[in-house]
Amino acid sequence: MLPAVVKLCCGISYPHLRSMSGKGFNAQSNITSENLLPKTEVAVSEDQLFYIQHGKEALRKAVSMLEDGEGWKLEIQENNGDVICSKVIPGAGKVFRLEAVLEASLDDLYDLLFVRVENMHEWNPSIQRVKVLKRAGPETIVTHEVSAETAGNLIGQRDFLSVRHSCKEKSCLYLGGAAIQLESFPPQAGFVRAEDGPTCIVIKALDEDTRKSSFTWLLNMDVKGWLPKSIVNQGLPRAQLDFTRHLRKRLSLR
């Protein structure tokens, strides 16, 4: 298993918008990659604009992957209803989609997964630390994350440099992200720098119970190094389940 390497690219996204067949994601959530990215109406510097555009484009691409309902294959179905499917996408490789229902509001999840992302190590033992390096307005941040060295981690510690972008629309929350390269922050000694491809979390309030949210997470990651794909492809979905389990435990303490 690879629990120490799975992160939220923003952080973070998914569930009950669909399940095993992978069909109907857009129909149930009313999400389209064309309309989910509102314009930022605050004055920003050239550097900040670069990060904002990078984050928005990552989110757009990730949601487009979710909108394509064809070709998803069931990987894992848990007794609690959590479902993980996978799909091979040209240019991205094998990606994983987790769908779950969480007993939490959109605001609760936004606070944990984006606003207080630097505190994620307090409830997720797979993460050693997350540091916000840059802020490009209230919706976009650049983070450096280091995975924890945990028992059973076959790949060793990784670090990640990512842009994370958030977007809230009525009863939906989108958290997207992707790897970024900064000359001022090269790969750290002792770590392999893994990369998020465009990845996202989509959180949707359930109409029948506003205290619950559907949680859909598209995980698209290149862990780098020399690990066999078979090990990575087994470990990443199991790590998604581990993350969701830790998140539920944290939410139960509210």
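No hydrogens, no waters, no symmetry mates; every other heavy atom, side chains included, goes into these values.
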Counting the benzene-type ring for Trp, do Trp72 and Phe96 have ring centres under 6.0 Å apart?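 Not close enough - the centres of the two rings lie 6.0 Å or further apart.
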
If you take the centroid of each ring, where Trp contributes its six-membered ring, are His144 and Phe185 closer together than 6.0 Å?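 Yes, close enough.
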
Could you state the interatomic distance from [atom1] ([X]) to [atom2] ([Y]), rounded to the nearest 0.5 Å?
X	Y	atom1	atom2	result
Leu206	Ser105	CG	OG	11.5 Å
Phe114	Leu173	CZ	CG	9.5 Å
Ser64	Ile89	OG	CD1	10.0 Å
Leu161	Leu133	CG	CG	6.0 Å
Lys249	Thr244	NZ	OG1	15.0 Å
Tyr51	Ser45	OH	OG	8.5 Å

When you measure from the side chain of Ser214 to the backbone of Lys204, do you find a donor-acceptor pair of N or O atoms at a distance under 3.5 Å?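 Checking the backbone N and O of Lys204 against the side chain of Ser214, a donor-acceptor pair under 3.5 Å is found.
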
Main chain of Ile231, side chain of Gln234: is a donor-acceptor contact present, judged purely on distance under 3.5 Å?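 Looks like no, no N/O pair under 3.5 Å.
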
Shortest non-hydrogen separation from [X] to [Y] and the atoms involved:
X	Y	answer
Ala92	Val95	CB-CG1, 4.3 Å
Pro138	Tyr110	O-OH, 4.0 Å
Met120	Phe243	SD-CE1, 4.0 Å
Ala148	Pro125	CB-O, 3.2 Å
Pro198	Ala58	CB-O, 3.5 Å
Leu59	Cys200	CD1-CB, 3.8 Å

Check the pair Lys87 / Asp68 against salt bridge (charged side-chain N to carboxylate O under 4.0 Å, His left out), numbers first and verdict last. CA-CA 10 Å; Lys87 180 179 182 177; Asp68 185 355; 3.2 Å; yes

Check the surroundings of atom [atom1] in [X]: do more than 12 heavy atoms from other residues, nucleotides or ligands lie under 6.0 Å from it?
X	atom1	result
Lys134	NZ	no
Glu78	CD	yes
Gln181	CD	no

Between Asn233 and Ser230, is a side chain to side chain donor-acceptor pair (under 3.5 Å) present by the stated rule, with each step listed? CA-CA 5 Å; Asn233 290 338; Ser230 59; over 6 Å; no

Measure the shortest side-chain to side-chain distance between [X] and [Y] over non-hydrogen atoms and say whether it is less than 4.5 angstrom.
X	Y	result
Leu113	Ile203	yes
Arg164	Thr140	no
His246	Ile127	no
Val163	Thr143	no
Asp196	Asn220	no
Leu66	Arg97	yes
Leu251	Leu109	yes
Val132	Val117	yes

Evaluate the criterion side chain to side chain contact (heavy atoms under 4.5 Å, CB included) for residue pair Leu102 and Lys212; output intermediate values, then yes/no. CA-CA 6 Å; Leu102 301 177; Lys212 293 183 179 181; over 6 Å; no

Would Thr199 and Met221 satisfy side chain to side chain contact (heavy atoms under 4.5 Å, CB included), going step by step from the backbone distance to the final call? CA-CA 8 Å; Thr199 183; Met221 179 184 293; over 6 Å; no

What do the steps show when you test Asp108 against Arg250 for salt bridge (charged side-chain N to carboxylate O under 4.0 Å, His left out), and what is the final call? CA-CA 11 Å; Asp108 290 335; Arg250 172 63 183 84; over 6 Å; no

Give the intermediate values and the outcome of side chain to side chain contact (heavy atoms under 4.5 Å, CB included) for residues Glu118 and Glu145. CA-CA 9 Å; Glu118 289 187 316; Glu145 178 177 331; over 6 Å; no

With salt bridge (charged side-chain N to carboxylate O under 4.0 Å, His left out) as the criterion, how do Lys73 and Glu75 come out once you've worked through the C-alpha distance, each side chain's angles and the decisive distance to 0.1 Å? CA-CA 6 Å; Lys73 296 182 180 180; Glu75 292 274 345; over 6 Å; no

Electrostatic pair Arg193-Glu195, nearest N-O below 4.0 angstrom: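 No.
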
Check the pair Arg158 / Ser147 against side chain to side chain donor-acceptor pair (under 3.5 Å), numbers first and verdict last. CA-CA 6 Å; Arg158 257 54 174 175; Ser147 63; over 6 Å; no

Run the numbers on Asp82 and Arg248 for salt bridge (charged side-chain N to carboxylate O under 4.0 Å, His left out), then give the verdict. CA-CA 12 Å; Asp82 293 359; Arg248 280 195 174 101; 2.8 Å; yes

Could you check Leu112 against Leu247 for side chain to side chain contact (heavy atoms under 4.5 Å, CB included), going step by step and ending with a plain yes or no? CA-CA 9 Å; Leu112 280 176; Leu247 179 55; 4.0 Å; yes

